[in-house]
Every structure is written in C-alpha cells, then in structure tokens.
Amino acid sequence: MTVGEAEDRSKAEISIVSVNRDEDILPRPDASFGIMEGDVLLVVGEYDAITEFEERCKSGHG
C-alpha cells in the first residue's frame, strides 16, 4: 500500500508525516511511497482519526 492509498482509505483526516524504516527516517513521504510491513509511521490528526487509522492498520484493512 502507498502513503496516498493509506491516507485515502482513512475515513477521517490523517497525514503520514514520516516513516521510520530500519535505521532510516524518511520525512514527508509522497503519495506514491510504498509502506512496508515493519515500517513505523508518524501520523498527525485528531485523536479519534489516529486511533481509527491504527486499528485499521492492525486489522490489515489499512
């Protein structure tokens, strides 16, 4: 899944502002950036939106 797809699938407004992958911190990934299993995302938005996004990611429905 890409950053753009993840943000679009969120029912609430969230933004992915960086991705931590292994030893690398990748700031401001563009919409075409591919999210991989094990990536740690820094997400901003309303608390409820972030909680919903986290649950969707954990359930595999990103």
Side-chain angles (χ1 to χ4, degrees):
M1 175 177 302
T2 66
V3 166
E5 290 168 336
E7 290 176 341
D8 287 345
R9 287 185 183 175
S10 175
K11 294 178 183 173
E13 193 81 20
I14 58 101
S15 295
I16 299 170
V17 296
S18 76
V19 177
N20 293 5
R21 180 177 289 162
D22 300 322
E23 302 282 324
D24 298 321
I25 298 173
L26 309 163
R28 299 179 307 174
D30 65 22
S32 65
F33 182 87
I35 299 170
M36 298 174 58
E37 185 175 345
D39 285 350
V40 177
L41 309 178
L42 175 60
V43 178
V44 296
E46 297 286 332
Y47 178 81
D48 290 342
I50 294 170
T51 302
E52 174 202 322
F53 181 73
E54 181 179 23
E55 290 303 315
R56 289 174 59 85
C57 289
K58 287 179 180 178
S59 70
H61 296 104

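Numbering starts at 1 and runs along the sequence shown.
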Say you draw a straight line from [atom1] of [X] to [atom2] of [Y]; how long is it, rounded to the nearest 0.5 Å?
| X | Y | atom1 | atom2 | answer |
| --- | --- | --- | --- | --- |
| Leu41 | Asn20 | CG | CG | 8.5 Å |
| Met36 | Asp22 | CE | CG | 8.0 Å |
| Glu52 | Glu55 | CD | CD | 9.5 Å |
| Ile16 | Leu26 | CD1 | CG | 12.5 Å |

Review point. For Val44, what are the other residues in its hydrophobic cluster, where any two members join if their side-chain heavy atoms are less than 4.5 angstrom apart?
Key: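 Once heavy-atom contacts under 4.5 Å are chained together, Val44 belongs with Val17, Leu42.
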
**Study point:** Nearest heavy atoms of Ile50 and Ile14, plus distance in Å
**Key:**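 What the structure gives for the nearest pair is N-CG2, 4.1 Å.
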
Check your understanding: Do you know the tightest heavy-atom contact between Ser18 and Pro27?
Key ->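 The pair with the smallest heavy-atom distance is CB-CA, 3.9 Å.
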
Exercise for review: Return the set of residues passing salt bridge (charged side-chain N to carboxylate O under 4.0 Å, His left out) with Arg28 (not counting sequence neighbours), or none when no residue passes.
Suggested key: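 Arg28 satisfies salt bridge (charged side-chain N to carboxylate O under 4.0 Å, His left out) with no other residue.
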
Practice item. For Glu46, check salt bridge (charged side-chain N to carboxylate O under 4.0 Å, His left out) against everything at least two apart and list the hits. Key: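 Partners of Glu46 under the salt bridge (charged side-chain N to carboxylate O under 4.0 Å, His left out) test: none.
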
Check your understanding: Taking only residues two or more places apart in sequence or in another chain, which ones pass side-chain contact (heavy atoms from CB on, under 4.5 Å) with Asp30?
Key ->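 Per chain and number, Asp30 pairs via side-chain contact (heavy atoms from CB on, under 4.5 Å) with Ser32, Phe33.
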
Point to revise | side-chain hydrogen bond (donor to acceptor under 3.5 Å, both in side chains) involving Asp39 - partner list, sequence neighbours excluded | key: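 Per chain and number, Asp39 pairs via side-chain hydrogen bond (donor to acceptor under 3.5 Å, both in side chains) with Arg21.
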
